[in-house]
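Here is the structure we will look at, set down as structure tokens.
Lettering follows sequence order; numbering is per chain, from 1.
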Amino acid sequence: MGVDMAPALQGLLTIVIGIGACVAYFFGSNLLLDTLFPPRGPKAGRNTNIANLIRPWLFLFPALFALGLYLMYPVVETMRLSLTSRIPGGGYEWVGLANYAQMVQEPKFWEAMGNNLLWLLVVPGMATIFGLLAAQLTDRIGWGSIAKSIIFMPMAISFVGAAVIWKLVYDARPAGQDQIGILNAFVVWLGGEPETWLTIPFWNNFFLMVVLIWIQSGFAMVILSAALRGIPEETVEAAIIDGANPMQIFFKIKVPQIRSTIMVVWTTITVIVLKIFDIVFAMTNGQWGTQVLANYMYDKLFVARDWGIGSASAIVIMILVLPILVWNVRNARREMS
Amino acid sequence: MNNIAGNKPALVWITHLSVAFMVILWILPTLGLFVSSFRNADQIAGSGWWRALFPTEQTLTLRTGDPETQIQQGDIYVIEGNIFDEAGEGAPSQLSAWGTSSRDVSAYEPGDTAELNDGERLTIEADGAYRMESPQQMEGSRGQRVFVTGSVPPSLTFDNYQRVLFSGSTTDGMQKAFFNTLTVTIPATVIPILVAAFAAYALAWMDFKGRALLIALIVALLVVPLQLALIPLLKLHLNIGIGKGYMGVWLAHTGFGLPMAIYLLRNYIAGLPRDIIENARVDGATEFQIFTRIILPLSFPALASFAIFQFLWTWNDLLVAKVFLIDASGRTTVMTAQIVELMGTRGGDWEILATAAFVSIAVPLFVFFFMQKYLVRGLLAGSVK
């Protein structure tokens, strides 16, 4: 078949070893704990207490180790890297905020910041609105579940796949030829001129955003649909008796009751927007004024190989995510207490 | 409460129409790519994919037989045959108009007779049968040029899939990338589950100091951009000798997937009935037994939800694979990375691009349609409330 089977075998082996190691660790460490502090005999009570003190950490250790190494350490290390600069020939030197200073002088950085802001203003809002609309409308018709499946489907498609799909939608042929992109075909049918949508300054950002809205509306719909169904029927029935029209019921009765879920959807999509990379990378690679932060960072890290500025821009993304992080943590704590 | 609209027929219609409009809007882009993957390069470049299912009008430039094939009938010379003989596959079988000049390609109807130079007369029937007569011997090396307009029946082909999946072509072939993606995905989906499940149980049902703080930490880590992890971890992998490769990408996906896994599983496990767990404890079961005999089997729906998530995420990922897996040799490229490459090198070759993209999105779509229930459940449990 010409396919290198070694990595597949390695993968299988890794699964076996990985799972085996996990099981062995959990089983072994629990056995050890029960042997050292047996919950019977003269000191049964004391032993049980000690074991109960230690056991949670045995259960947690592998996860905490992985989280520490793969998420917490990198945050600190990236912060450190953003304050250092590579010395030609090897090693690093402390440069303070010089990377940040250099970054804010680059027009591309501000282009990325501006575009990310534009994405933030448009995408979470539009996806939430479409999701809410789809949730409300599909819940009241017979073929609603099929419609839901179709609107939800782009969630399964990769950003790269979506980029190819939409590049075909936006495809442009010279005027006079048959258009093969459906958007230009439509424009020509209306009597307009074909456009190369992805190169129109400023507006091309919106054509990229459409792709993410298309993907995320299904997510919003699923979450909001569940929330809408959870609304107590009495509130709606009372409104009907009071003579409210469907619009009023939707905006004055239903939407206020699911406000917290709307916020959840909005913040989740906002975090996705802040990290958006693949769509821009695959469709324009930041050309024609479409740069965004994550792609700017990728350029700096792996094209320009400037780890200082690359790390500085990663920290900028982190800072932008921070308010949502704090908000989420506060909500989660309130939920638990 | 769903019968509010039922009172007003107009509203019902508006609802149906709006949903239909949205569904069409949402399905069209994917449908376009899907249909295009079954068309050949000429068809894609010649007409929009939405015409693929209908017959299309096409004008072909064909020739009659060579003068060598003429035969003498009485005092005239005749060339006879069918104009479609040389047209090859995908040609119309009926013509609706024809012509001999590029300035007027549809000057004649089927059955008409055209007067050509030197007293030659050409007649073409609707089925392509033609008869060219001349009072004197015809000369030249090639036959008369004829423009034929006819409707081509819709034709779809599996050639693109053949080429992308089985040809073994190094640039277009997705076969290697498909297996590489699979090799990345499966361990990266399986390994985090067990690690997360134990941690989730401890966070849900064990009492210890700092539990609330740890849960808060998990919630915080849910949104930490993985962009921050790229350079430090790549450095780490290079330092400890893993380098760029499968091991690195498996570990990275495991680390990045853990917060979601723990959060989702903890929410589910915390919702299991308290009685079951406390009865087991009273009966003297150890925590390890409770976990393996009770919690794991009962948590199957949540485990499935997370597995689907992680599978979709790792299958569709581009960034992590580019940073931790794909080295300069490109032997370990995954489908998403190869598609981006194709977009650069073969941006205009939609037949290859569309097919390659569809091969890569077919598996997630399959998973999506068959396990939508678990995906929805996972989304509902996994979004921070």
Keeping the roles fixed (side chain from [X], backbone from [Y]), state whether a donor-acceptor pair exists under 3.5 Å.
| X | Y | result |
| --- | --- | --- |
| B/Arg211 | B/Met206 | yes |
| B/Arg39 | B/Ser47 | yes |
| A/Thr267 | A/Ile324 | no |

Inset, instruction - Report the C-alpha separation of A/Lys167 and B/Trp350 in whole Å, then their side-chain angles, then the decisive distance to 0.1 Å, and conclude whether the side-chain contact (heavy atoms from CB on, under 4.5 Å) test is met. - result: CA-CA 10 Å; A/Lys167 262 206 136 161; B/Trp350 278 109; 3.6 Å; yes
Tell me, for [X] versus chain A, whether the close heavy atoms (under 4.5 Å) come from the side chain, the backbone, both or neither.
| X | answer |
| --- | --- |
| B/Thr286 | side chain |
| B/Leu233 | side chain |
| B/Ala362 | neither |
| B/Ile308 | neither |
| B/Ile361 | side chain |
| B/Ile262 | side chain |
| B/Phe291 | side chain |
| B/Tyr201 | side chain |
| B/Leu182 | neither |
| B/Pro192 | neither |
| B/Ile14 | neither |

Legend entry - Residues A/Leu293, A/Val316; criterion side-chain contact (heavy atoms from CB on, under 4.5 Å); working and verdict: CA-CA 8 Å; A/Leu293 279 172; A/Val316 171; 4.1 Å; yes
Under a 4.0 Å threshold between the charged nitrogen and the carboxylate oxygen, would [Y] count as salt-bridged to [X]?
| X | Y | value |
| --- | --- | --- |
| A/Asp34 | A/Arg55 | yes |
| B/Asp317 | B/Lys322 | no |
| A/Arg173 | A/Asp178 | no |

Which of [options] touches chain B most, by non-hydrogen pairs under 4.5 Å:
| options | value |
| --- | --- |
| A/Ile182, A/Asp278, A/Ile317 | A/Ile182 |
| A/Ile223, A/Leu81, A/Ile146 | A/Ile223 |
| A/Ile165, A/Val75, A/Thr261, A/Leu64 | A/Ile165 |
| A/Trp57, A/Trp143, A/Phe130 | A/Trp143 |
| A/Val169, A/Leu168, A/Val321 | A/Leu168 |
| A/Leu67, A/Leu133, A/Val271 | A/Leu67 |

Legend entry - Stepwise side-chain contact (heavy atoms from CB on, under 4.5 Å) check, B/Val334 with B/Gln338: CA-CA 6 Å; B/Val334 292; B/Gln338 192 170 352; over 6 Å; no
Given a strict heavy-atom distance threshold of 4.5 Å, which part of [X] is in contact with chain B: side chain, backbone, both, or neither?
| X | value |
| --- | --- |
| A/Leu69 | both |
| A/Ser260 | neither |
| A/Pro154 | side chain |
| A/Phe61 | neither |
| A/Leu301 | side chain |
| A/Val23 | both |
| A/Trp307 | side chain |
| A/Phe277 | side chain |
| A/Met318 | both |
| A/Phe152 | both |
| A/Arg334 | neither |
| A/Val164 | both |

Legend entry - Chi angles and distances behind the side-chain contact (heavy atoms from CB on, under 4.5 Å) call for B/Val363, B/Phe178: CA-CA 10 Å; B/Val363 174; B/Phe178 185 93; 3.9 Å; yes
Inset, instruction - Let me know which of A/Phe159, A/Tyr298, A/Phe302 forms a ring pair (Phe, Tyr, Trp, His ring centres under 6.0 Å) with A/Phe281. - result: A/Tyr298
Inset, instruction - For a ring pair (Phe, Tyr, Trp, His ring centres under 6.0 Å) with B/Phe288, tell me which candidate from A/Phe27, A/Tyr25, A/Phe59 qualifies. - result: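 Output: one option passes, namely A/Phe27.
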Donor-acceptor pairs under 3.5 angstrom involving side-chain atoms of residues 212-219 of chain B: please list them, not counting sequence neighbours.
none

Legend entry - Selection from B/Thr336, B/Leu230, B/Leu312, B/Thr254 maximising heavy-atom pairs under 4.5 Å formed with chain A: B/Thr336
Inset, instruction - Output the option from B/Ile231, B/Leu318, B/Val323 having the highest count of non-hydrogen pairs under 4.5 Å with chain A. - result: B/Ile231
Inset, instruction - Could you check B/Phe309 against B/Trp313 for ring pair (Phe, Tyr, Trp, His ring centres under 6.0 Å), going step by step and ending with a plain yes or no? - result: CA-CA 6 Å; B/Phe309 260 113; B/Trp313 155 241; over 10 Å; no
Inset, instruction - Side-chain contact test, heavy atoms from C-beta onward, threshold under 4.5 Å: evaluate it for B/Thr189 versus B/Thr314 and give yes or no. - result: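 Counting from C-beta outward, B/Thr189 and B/Thr314 do come under 4.5 Å.
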Inset, instruction - Answer whether the closest heavy-atom distance between the side chains of B/Tyr246 and B/Asn180 falls below 4.5 Å. - result: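 B/Tyr246 reaches B/Asn180 side chain to side chain.
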Inset, instruction - Quick one: which residue pairs count as a salt bridge (charged side-chain N to carboxylate O under 4.0 Å, His left out) with a foot in residues 19-28 of chain B, not counting sequence neighbours? - result: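 Applying salt bridge (charged side-chain N to carboxylate O under 4.0 Å, His left out) to every pair that reaches into residues 19-28 of chain B, excluding sequence neighbours, yields nothing.
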